[in-house]
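Worth knowing before you read on, the calculation uses all heavy atoms, side chains too, and leaves out hydrogens, waters and symmetry mates.
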Amino acid sequence: MMLIIGKTLGAYVLPGLSRSFESWLVSVQGTAAMPDLYAIWPLNTEQPMWHMLLWTTPHSASTFQTLTGLGYALLVVGILFFVPKITTAVLVPFAGVGRVALTMYAVQFAVIWLLTLSGINHSLGKVPFGDLLVASMALIIGWLISLLPHGPLESSMRRFDRLFSASRTEPAPK
């Protein structure tokens with residue numbers, strides 16, 4: 001329901017409402033000047049971005065974008081609850097990625113950083129089925145890593161935690 005409400009509002013109600021709200025906001029508030037970075041607080045801060053209140057664009061962090069994103073997330077979780085136990089083999093790569101999330105994130109960061117340093121354009125905007133390519137790569141890497149009990153970064157974090165938790169002098173709370 002949240003997804004349907006968010007998408008319906010984003011398609012039919014919010015575009016016109018957002019334009020009228022922004023024009024009203026400009027008439028009431030005017031346009032904001034850049035803050036003086038050397039002034040004392042609150043004169044060195046920017047005005048609140050009220051014009052973003054009714055946005056539905058991705059990563060705008062507005063109420064309606066959050067409502068739609070939460071609706072998508074709940075839809076995916078609901079669908080996964082209907083997956084029978086027979087198809088758990090399909091879900092093993094996702095579990096593998098979940099166990100090695102820190103390693104996967106660090107590898108992704110390092111790959112993007114190396115591609116940027118070497119001057120290679122890593123955008124998948126013009127690649128046909130680019131999203132499918134990324135999803136299949138994540139699944140394959142997740143499946144390969146799922147054969148390990150933990151990722152290398154996760155294992156080192158656990159060892160680091162054990163090293164410093166063993167040195168506690170007070171008993172752990174029960």
Colleague: Do Ile5 and Leu67 come within less than 4.5 Å of each other through their side chains, counting heavy atoms only?
Modeller: yes
Colleague: Roughly how far, to the nearest 0.5 Å, is the CG atom of Leu153 from the CE atom of Met157?
Modeller: 8.5 Å
Colleague: Would you call Arg159 and Leu163 a side-chain contact if the rule is heavy atoms closer than 4.5 Å?
Modeller: no
Colleague: Does anything in residues 101-110 pair up under side chain to side chain donor-acceptor pair (under 3.5 Å), and if so which pairs, sequence neighbours excluded?
Modeller: Thr103-Glu154
Colleague: State yes or no: do Leu3 and Val13 share one hydrophobic cluster built from I, L, V, M, F, W and Y residues joined by side-chain heavy-atom distances below 4.5 Å, directly or via other members?
Modeller: no
Colleague: Just jot down the side chain to side chain donor-acceptor pair (under 3.5 Å) partners of Thr68, sequence neighbours excluded, or say none.
Modeller: none
Colleague: If two hydrophobic side chains count as joined below 4.5 Å and joins carry through other members, does Phe64 share a cluster with Leu70?
Modeller: yes
Colleague: If you round to the nearest 0.5 Å, how far is CZ of Arg19 from CG of Leu14?
Modeller: 11.0 Å
Colleague: Apart from Ile112 itself, what residues make up its hydrophobic cluster when side-chain heavy atoms of I, L, V, M, F, W and Y under 4.5 Å apart count as a link, directly or indirectly?
Modeller: none
Colleague: Applying a strict under-4.5 Å side-chain criterion to I, L, V, M, F, W and Y, I'd like to know whether Leu17 and Leu9 cluster together.
Modeller: yes
Colleague: Can you measure from OG1 (Thr8) to CE (Met1) and round to the nearest 0.5 angstrom?
Modeller: 8.5 Å
Colleague: Quick check: is Val107 connected to Trp113 through a chain of hydrophobic side chains (ILVMFWY, heavy atoms under 4.5 Å apart)?
Modeller: no
Colleague: I'd like to know if the side chain of Ser155 and the backbone of Pro152 have a donor-acceptor N/O pair within less than 3.5 Å.
Modeller: no
